[in-house]
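A note on names: the letters A, B, ... follow the listed sequences, proteins ahead of strands, and every chain is numbered from 1. When reading the values below, keep in mind they use all heavy atoms of this one structure, side chains included, and skip hydrogens, waters and symmetry mates.
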There are 2 protein chains.
Amino acid sequence: MSPSAGRRPTSHDVARRAGVSQPTVSRALRDDPNVSDETRRLVREAAAELGYILSQRGRSLSTRLTGQIGVVVSDLANPFYLEVLDTVHDALARDELRMLVLTPDEDDDAFMARLLDGSLDGAILTTTFLTSQLPAELARRGFPFVLLNREIDELEGDTCVVDSVAGARLAASELLRLGHREIGALFGPMTTSTGRDREIGFRRELLEHGITLEAARWRRGAFDFAYGHQGALELLESAPTAIFAANDVVAIGAYNAIRSRAIAMPDDLTLIGFDDISLAAWNVFELTTVRQDIGAMVQRSTKMLLERIGRRDGVPLPPRRVVLDPTLVARRTHGPPPAG
Amino acid sequence: MSPSAGRRPTSHDVARRAGVSQPTVSRALRDDPNVSDETRRLVREAAAELGYILSQRGRSLSTRLTGQIGVVVSDLANPFYLEVLDTVHDALARDELRMLVLTPDEDDDAFMARLLDGSLDGAILTTTFLTSQLPAELARRGFPFVLLNREIDELEGDTCVVDSVAGARLAASELLRLGHREIGALFGPMTTSTGRDREIGFRRELLEHGITLEAARWRRGAFDFAYGHQGALELLESAPTAIFAANDVVAIGAYNAIRSRAIAMPDDLTLIGFDDISLAAWNVFELTTVRQDIGAMVQRSTKMLLERIGRRDGVPLPPRRVVLDPTLVARRTHGPPPAG
DNA sequence: CTGAAAGCGCTTACAG
DNA sequence: CTGAAAGCGCTTACAG
């Protein structure tokens with residue numbers, strides 16, 4: 001009567017022990033209202049005695065749902081994505097969903113297969129390139145997903161971003177207000193919406209005040225520490241009075257380079273980043289930056305995703321685009337340009 | 001003949017299209033040698049035409065394997081674990097395994113159920129407490145797991161750690177060599193093997209040279225930035241000439257506090273951390289620290305785990321314990337005590 | 001080399 | 001309220 005040693009008990013074992021049928025066990029443990037209190041009690045008791053744990057493998061084959069959400073991140077060494085993962089994990093856990101972390105394959109088709117192999121109910125895409133065909137293909141196949149912090153033009157899918165153009169304008173207008181005219185910029189990759197839009201916003205705000213960036217005073221590069229470090233060293237050659245970095249990781253790379261040259265911030269040089277990752281607030285940095293509310297972005301994104309998963313067999317929801325407002329966080333790396 | 005619109009094709013659809021049986025499709029796509037080249041070609045063709053993707057849900061119910069490994073981390077905001085996750089992810093990806101990130105529940109039984117519900121082939125436990133009953137219980141149930149960077153006394157399971165006692169002695173002996181006698185320490189939690197063993201090693205090395213820590217000069221606390229910051233401020237009251245921090249996150253918290261007091265490192269104060277996370281090497285810090293080779297730890301851990309998973313239905317492997325050697329990374333926060 | 005049958009462990013109509 | 005039957009989509013002996 002008891003399950004053979006070494007084998008995990010199944011609902012059949014519980015059924016036998018409780019003297020009911022296997023489907024009744026399934027119903028009782030899911031608190032199906034169509035089960036008498038007495039039966040429910042009996043089943044729960046038997047399950048507890050056997051140490052029964054419901055098999056997600058069996059369940060998911062039947063329900064076509066795994067309770068697993070993929071989070072696609074290409075840059076796992078980036079502290080920004082650590083904060084994203086941390087926040088996403090907690091948001092999913094609240095709905096008893098589990099987080100699977102995926103890195104894109106070199107081969108788009110292989111990666112697509114990993115997303116569509118039935119182990120995921122949906123996915124959160126965080127590092128998508130503007131030219132990626134993947135989201136459109138996922139949408140075509142009806143796979144639930146949401147783009148977080150990145151967008152793709154004319155995509156038929158859900159997106160949640162902070163307004164990068166507006167955020168970069170905020171930074172530029174602060175520099176102008178302080179009186180900076182010799183301005184430098186470390187822009188991000190044009191292959192990403194964040195890189196592109198922050199550059200667009202920054203340049204536009206300057207242009208509306210009659211300022212264009214000198215060639216020696218701007219660069220484009222990856223969203224990483226090394227680019228910020230190297231880029232800043234290059235920009236310093238042309239002695240700008242302020243530098244805007246496309247994100248905080250780049251800004252902190254720049255910060256390190258600037259410090260290594262014994263240049264004082266903000267007295268000799270102003271530095272403004274973007275994101276407001278937790279490092280930015282540390283006293284060694286006290287980085288002035290444009291804040292993206294990661295918590296809000298994650299909440300809105302997961303909400304949209306879960307709604308879409310809920311409708312997956314019904315009438316599909318229209319694509320939605322949520323745009324959140326950035327704010328300027330004034331810390332201690334910005335100030336007026338040095339006199340003279 | 002073609003699958004109805006909106007439904008994903010299954011191996012049955014492929015079989016019908018290729019004119020073979022469903023099991024033959026299964027064999028052909030798995031490159032079973034018992035399939036003729038012609039049949040294999042036919043099946044592959046049909047699969048490609050239909051855009052067939054093998055369902056992991058069906059597969060895993062049958063094979064009792066999901067290809068998913070759980071990584072248990074309680075402190076997802078900690079940069080050390082970002083590096084662990086990044087490294088684990090890549091190590092698993094090499095074996096086509098996927099990484100599920102889990103945070104322990106408040107309730108041990110509930111968490112156990114999440115590990116044992118059949119969605120994982122095994123787990124890597126990274127933040128286990130010394131008193132946790134979980135690993136012993138997992139071992140008892142034959143669930144494959146490995147402890148990474150933490151140990152539990154007399155555990156019947158696999159473990160991979162860096163020798164914390166030896167590492168802390170390395171730090172202490174460097175301080176002594178430099179001539180420090182007024183020594184402070186920010187130890188980690190006694191509830192963890194890393195916290196406990198680094199404290200043991202550090203104290204032991206000092207003791208063997210006739211030095212004990214004054215009560216005002218040491219603290220115990222969590223492995224986080226805030227403790228490092230606050231703890232350092234407290235230690236500074238008693239003017240030590242050197243501070244050892246139980247890990248780099250604590251050390252960097254301390255660094256920030258020390259800098260906020262305008263105390264120069266290493267001229268006025270020496271600071272040594274533990275771990276060698278990537279932040280430690282940044283020029284703003286240049287933190288001298290005891291290096292743990294995360295890459296090696298992850299390689300050895302995953303190797304042991306995969307071997308154990310491979311044996312899961314056969315003769316179980318004996319528990320193994322791999323201990324790696326720490327090394328001192330000399331950067332720019334250590335030096336002799338200030339004269340006078 | 002290939003197919004028919006059984007089974008992995010659940011859930012979900014369908015009867016009663 | 002409960003059970004018998006079918007099915008989710010694979011893999012794996014077992015025949016032939």
Side-chain angles (χ1 to χ4, degrees), chain A residues 3-4 6-43 46-47 50-68 113 116-121 312-313, chain B residues 3-4 6-43 46-47 50-68 113 116-121 312-313:
Chain A
S4 60
R7 190 170 64 73
R8 290 183 40 187
T10 71
S11 55
H12 285 97
D13 299 315
V14 177
R16 214 168 300 129
R17 184 165 191 118
V20 299
S21 73
Q22 180 273 325
T24 296
V25 170
S26 174
R27 294 190 191 101
L29 296 180
R30 276 179 294 120
D31 277 326
D32 186 312
N34 291 332
V35 171
S36 73
D37 289 351
E38 174 59 5
T39 303
R40 193 192 327 278
R41 198 183 56 69
L42 237 53
V43 169
L50 292 175
Y52 170 72
I53 296 170
L54 187 145
S55 162
Q56 287 298 335
R57 289 198 294 253
R59 178 168 208 282
S60 70
L61 185 57
S62 181
T63 60
R64 297 146 171 276
L65 242 28
T66 59
Q68 299 185 160
L116 297 172
D117 70 5
S119 40
L120 301 173
D121 296 343
R312 131 191 136 284
D313 295 322
Chain B
S4 62
R7 191 169 64 73
R8 291 183 39 187
T10 71
S11 56
H12 285 98
D13 299 316
V14 178
R16 213 169 301 129
R17 184 167 192 118
V20 300
S21 74
Q22 179 273 326
T24 295
V25 170
S26 174
R27 293 192 192 99
L29 295 180
R30 276 179 294 120
D31 278 326
D32 186 312
N34 290 333
V35 171
S36 73
D37 289 350
E38 174 60 5
T39 304
R40 192 190 328 278
R41 199 184 54 71
L42 238 51
V43 169
L50 292 176
Y52 170 72
I53 296 171
L54 187 145
S55 162
Q56 287 298 335
R57 287 198 295 253
R59 177 167 209 282
S60 69
L61 185 57
S62 181
T63 60
R64 296 145 171 277
L65 241 29
T66 60
Q68 299 185 162
L116 297 172
D117 70 6
S119 38
L120 301 173
D121 296 342
R312 135 190 134 285
D313 296 322

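- Helical stems in DNA chain D, defined as runs of 3 or more consecutive Watson-Crick or G-U wobble pairs with both donor-acceptor distances under 3.5 Å, are listed by first residue as C:1-3 with D:14-16, C:5-12 with D:5-12, C:14-16 with D:1-3.
- Summarising the geometry of A:T10 relative to A:Y52, their closest heavy-atom pair is C-CE1, 3.4 Å, with the distance given to 0.1 Å.
- Within the 4.0 Å cut-off from OP1 or OP2 of C:dT2, not a single side-chain nitrogen or oxygen of B:T24 is found.
- Between B:R8 and D:dG9 there is no side-chain N or O to OP1 or OP2 distance below 4.0 Å.
- One interatomic measurement links the two molecules: CG of B:N34 to P of C:dC1, which rounds to 6 Å at whole-angstrom precision.
- Taking the nucleotide of DNA chain C with the nearest heavy atom to each of B:T63 and B:V35, the more 5' of the two is matched to B:V35.
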Using the rule given for side chain to side chain contact (heavy atoms under 4.5 Å, CB included), can you reason through B:D117 versus A:L54, listing the C-alpha separation, both sets of side-chain angles and the distance that settles it, and then say yes or no? CA-CA 6 Å; B:D117 70 6; A:L54 187 145; over 6 Å; no
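- A donor-acceptor pair is defined here as one N or O able to donate and one able to accept, closer than 3.5 Å; such a pair exists between the side chain of A:R8 and the backbone of A:I53.
- Under a 4.0 Å N-O distance rule, the pair B:R40/B:D31 qualifies as a salt bridge.
- Side-chain N/O atoms of B:S21 include one lying less than 4.0 angstrom from OP1 or OP2 on C:dG3.
- Rounded to whole Å, the distance from NE2 on A:H12 to C1' on C:dC10 is 9 Å.
- Residue contacts for B:R57: at a heavy-atom cut-off of 4.0 Å it reaches no nucleic acid atom on any strand shown.
- Spacing between atom CG of B:L42 and atom P of C:dT2 amounts to 10 Å, rounded to whole angstrom units.
- Atom CG of B:L65 and atom P of C:dG9 are 13 Å apart (whole Å).
- Looking at A:V43, A:V20, A:V35 one by one, the single match for side-chain contact (heavy atoms from CB on, under 4.5 Å) with A:R27 turns out to be A:V35.
- Side-chain contact between A:L65 and A:R312: present, with at least one pair of heavy atoms (C-beta onward) separated by less than 4.5 Å.
- Separating the CD atom of B:Q22 from the C1' atom of D:dG9 is a distance of 7 Å, rounded to the nearest angstrom.
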Give each protein N/O atom lying under 3.5 Å from an N/O atom of nucleotides 13-16 of chain D, with the pair distance.
unit_1: D:dA13; atom_1: N6; unit_2: B:R27; atom_2: NH2; d: 2.7

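- Residue A:Q56 is classed as having no contact, given no heavy-atom separation below 4.0 Å to the nucleic acid.
- Distance A:R16 CZ to C:dG9 C1': 13 Å, rounded to the nearest Å.
- Looking at heavy atoms from C-beta onward, A:Q68 lies in side-chain contact with B:S119 at the 4.5 angstrom threshold.
- The nearest whole Å value for the distance from the CG atom in B:L61 to the C1' atom in D:dT12 is 13 Å.
- B:R7 is listed as a side-chain neighbour of B:D13, based on a closest heavy-atom distance under 4.5 Å.
- For the OP1/OP2 pair of D:dT12 and a distance below 4.0 Å, the side-chain nitrogens and oxygens of B:R30 include at least one atom meeting the criterion.
- Using a 4.5 Å heavy-atom cutoff, the side chains of A:D37 and A:R41 are not in contact.
- Residues B:T66 and B:Q56 have side chains not in contact (no heavy-atom distance under 4.5 Å, counting atoms from C-beta outward).
- Look at B:T39 and you'll find a side-chain N or O under 4.0 angstrom from OP1 or OP2 of C:dT2.
- Between B:S36 and C:dT2 there is a side-chain polar atom (N or O) within less than 4.0 angstrom of OP1 or OP2.
- Distance CZ (A:R59) to C1' (D:dC10): 19 Å, rounded to an integer number of Å.
- Within the 4.0 Å cut-off from OP1 or OP2 of D:dG9, not a single side-chain nitrogen or oxygen of B:S62 is found.
- Distances shown here put a side-chain N or O of A:R64 below 4.0 Å from the OP1 or OP2 atom of D:dG9.
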